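One structure is given here, and the rest of the page talks about it.
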Amino acid sequence: MAKLFRTAIMGPPGSGKGTISKRIAQNFGLQYLSSGHFLREGIAANTEAGVLVKSYVERSMLVPDHVMSRLMLPRLEQLTGHSWLLDGFPRTLAQAKALNDICQLDLVISLNIPFETLRERLSDRWVHPASGRVYNMGFNPPRVQGRDDATGEPLIQHADDRPEALQARLRHYKDVAKPVINLYKSQGILYQFSGTDTDRIWPYISSLLSTKIPTQPLNACQPPVQA
């Protein structure tokens, strides 16, 4: 049995995390775990954590650390026999410490994208609220303008994707992400990638993962190897 491999991806809104995460999952066989998917799933299933999440989402408030951890950690504990990639969690230092209590990550990818690139991407971004599917009018438009490809339902543009709100949103991301990045840097597992084009960043990420993800059989009881 090959050693399990657990990784997380970080980046500001519009950084291409979703696109890169799906490529990692497809190319390296990691289970893709999106916090946004779990949020929507919890709300739809009306779980105790989902009800808590919904109370914040309906008021357009950030979901507190303890609620996010309560939603995410039990799901991760159910996947003890799987290798996975986390997208959207942990966002804060408190979430990172809570995750660290149940699981040691092998590697963390951080995307550094220039503000102007993020502004252009987000101003063209439209979302299908029920599924979380994201479209970009510049490079990934829907087949019918303003409609989701799968359901035909209307797409929306989030208020915080609009230019007037974007700068404050990105400043908030930097403030909360910095201590998380510093934590993983101190553990020696952080790898940062900069650029304006996801297709140009991807080969470097793919090359890194090719050297990090174990393929040889290992003792299942062997302790995790620090990256």
Side-chain angles (χ1 to χ4, degrees), residues 2-38 76 79 82-91 96 99 105-128 131-143 148-150 158 161 166 169-170 173-174 176-178 180-185 187-216 225-227:
K3 174 188 173 293
L4 297 176
F5 190 84
R6 277 73 180 269
T7 184
I9 187 167
M10 300 179 62
S15 61
K17 291 197 310 300
T19 298
I20 288 175
S21 294
K22 287 169 186 172
R23 290 183 184 182
I24 292 172
Q26 290 166 2
N27 285 274
F28 294 95
L30 302 183
Q31 191 164 342
Y32 174 37
L33 309 177
S34 162
S35 64
H37 171 76
F38 286 147
L76 297 179
L79 297 170
H82 297 266
S83 294
W84 42 250
L85 164 67
L86 267 176
D87 173 11
F89 183 89
R91 291 183 187 272
L99 175 61
L105 294 176
D106 295 288
L107 183 148
V108 176
I109 294 165
S110 178
L111 303 177
N112 297 322
I113 311 299
F115 173 78
E116 189 60 27
T117 301
L118 296 174
R119 186 190 65 78
E120 290 175 2
R121 288 180 183 176
L122 291 174
S123 64
D124 282 342
R125 185 163 82 164
W126 291 75
V127 179
H128 178 236
S131 68
R133 278 186 288 274
V134 176
Y135 299 87
N136 185 285
M137 298 307 166
F139 59 82
N140 178 38
R143 289 193 293 267
D148 176 55
D149 286 351
H158 289 308
D161 282 346
L166 183 57
R169 190 179 177 197
L170 293 176
Y173 170 79
K174 286 184 177 181
V176 299
K178 185 176 180 180
V180 182
I181 287 171
N182 288 340
L183 172 67
Y184 291 133
K185 190 181 293 184
Q187 294 177 356
I189 60 172
L190 181 78
Y191 294 83
Q192 301 189 71
F193 298 88
S194 302
T196 60
D197 187 331
T198 299
D199 286 339
R200 291 186 178 183
I201 294 173
W202 167 246
Y204 295 99
I205 294 175
S206 178
S207 178
L208 169 69
L209 292 175
S210 294
T211 68
K212 294 291 183 182
I213 295 181
T215 56
Q216 73 276 21
V225 177
Q226 294 297 318

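Note that the structure is a prediction, hence the values are computed from the model and not measured.
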Q) Looking at NZ of Lys212 and OG of Ser207, how far apart are the two atoms once the value is rounded to the nearest 0.5 Å? A) 11.0 Å

Q.
Between Asp106 and Lys3, does any side-chain N to carboxylate O distance fall below 4.0 Å?
A. yes

Q | Sub-4.5 Å side-chain heavy-atom contact between Leu107 and Leu208 | A | yes

Q) Taking atom OG of Ser21 and atom CG of Asp87, what is their separation to the nearest 0.5 Å? A) 4.0 Å

(Q) Run Leu105 and Leu190 through side-chain contact (heavy atoms from CB on, under 4.5 Å) and show every step you take. (A) CA-CA 10 Å; Leu105 294 176; Leu190 181 78; over 6 Å; no

Q: Looking only at non-hydrogen atoms, find the nearest pair between Leu4 and Ser83 and report the distance.
A: CA-OG, 3.4 Å

Q. Who pairs with Ser194 by side chain to side chain contact (heavy atoms under 4.5 Å, CB included), at least two apart in sequence or on another chain?
A. Asn112

Q. How far apart are the closest heavy atoms of Ala96 and Leu183, and which atoms are they?
A. CB-CD2, 3.8 Å

**Q.** Smallest separation among heavy atoms of Pro13 and Leu122, with atom names
**A.** O-CD1, 3.5 Å

Q.
Less than 4.5 Å apart, side chain to side chain, heavy atoms only: is that true for Tyr204 and Leu209?
A. no

Q. Using a distance-only test with no angle check, is there a side-chain donor-acceptor pair under 3.5 angstrom linking Asp124 and Tyr135?
A. no

Q | Distance in Å, Gln192 CD paired with Tyr184 OH, rounded so as to fall on 0.5 Å steps | A | 13.5 Å

Q. If you draw a 6.0 Å radius around CZ in Arg91, do more than 12 non-hydrogen atoms from other residues or ligands fall strictly inside?
A. no

Q: Give, for atom CG of Asp197 and atom CH2 of Trp202, the distance between the pair rounded to the nearest 0.5 Å.
A: 14.0 Å

Q. So which heavy atom on Pro12 is nearest to which on Leu170, and how close?
A. CB-CD2, 3.7 Å

Q: Drop me the distance from Phe193's CZ to Ser110's OG, to the nearest 0.5 angstrom.
A: 9.5 Å

**Q.** Qualifying residues under side-chain hydrogen bond (donor to acceptor under 3.5 Å, both in side chains), relative to Arg125, sequence neighbours excluded
**A.** Asp161

Q | Side chain Asp149, main chain Arg143, donor-acceptor under 3.5 Å | A | yes

(Q) Return the CG to OH distance between Leu118 and Tyr173, rounded to the nearest 0.5 Å. (A) 10.0 Å

Q: List the steps and the verdict of side-chain contact (heavy atoms from CB on, under 4.5 Å) for Ile109 and Leu85.
A: CA-CA 10 Å; Ile109 294 165; Leu85 164 67; 5.6 Å; no

Q: State, to 0.1 Å, how close Tyr32 and Lys22 come at their nearest heavy-atom pair, and which atoms those are.
A: CE2-CG, 4.0 Å

(Q) Measuring only between side-chain heavy atoms, which start at C-beta, is Leu111 closer than 4.5 Å to Ile205? (A) yes

**Q.** Arg6 side chain to Trp84 backbone, donor-acceptor under 3.5 Å
**A.** no

Q: Could you walk me through whether Arg23 and Asp199 pass salt bridge (Lys or Arg N to Asp or Glu O under 4.0 Å), step by step?
A: CA-CA 11 Å; Arg23 290 183 184 182; Asp199 286 339; 2.7 Å; yes

Q: Please check if the side chain of Ser123 supplies one atom and the backbone of Arg119 the other of a donor-acceptor pair under 3.5 Å.
A: yes

**Q.** Check: Ser206 main-chain N/O paired with Ser210 side-chain donor or acceptor under 3.5 Å
**A.** yes

Q | Name of the residue among Val180, Val176, Asn182, Ile181 meeting side-chain contact (heavy atoms from CB on, under 4.5 Å) with Lys178 | A | Asn182

Q | Student check: side-chain heavy atoms of Ile113 and Thr198 closer than 4.5 Å | A | no

Q: Can you tell me which residue pairs pass the salt bridge (charged side-chain N to carboxylate O under 4.0 Å, His left out) test with a partner in residues 8-20, sequence neighbours excluded?
A: none

Q: Run the numbers on Leu33 and Leu79 for side-chain contact (heavy atoms from CB on, under 4.5 Å), then give the verdict.
A: CA-CA 10 Å; Leu33 309 177; Leu79 297 170; 3.7 Å; yes

Q. Which heavy atom in Thr196 sits nearest to a heavy atom in Pro114, and how many Å separate them?
A. CG2-CG, 3.6 Å

Q: Please report the C-alpha distance between Leu86 and Leu76 in whole Å, then the side-chain angles of each, then the deciding distance to 0.1 Å, and finally whether the side-chain contact (heavy atoms from CB on, under 4.5 Å) criterion is met.
A: CA-CA 10 Å; Leu86 267 176; Leu76 297 179; 4.1 Å; yes

Q. Hey, does the side chain of Asp148 reach the backbone of Arg133 with a donor-acceptor pair shorter than 3.5 angstrom?
A. no

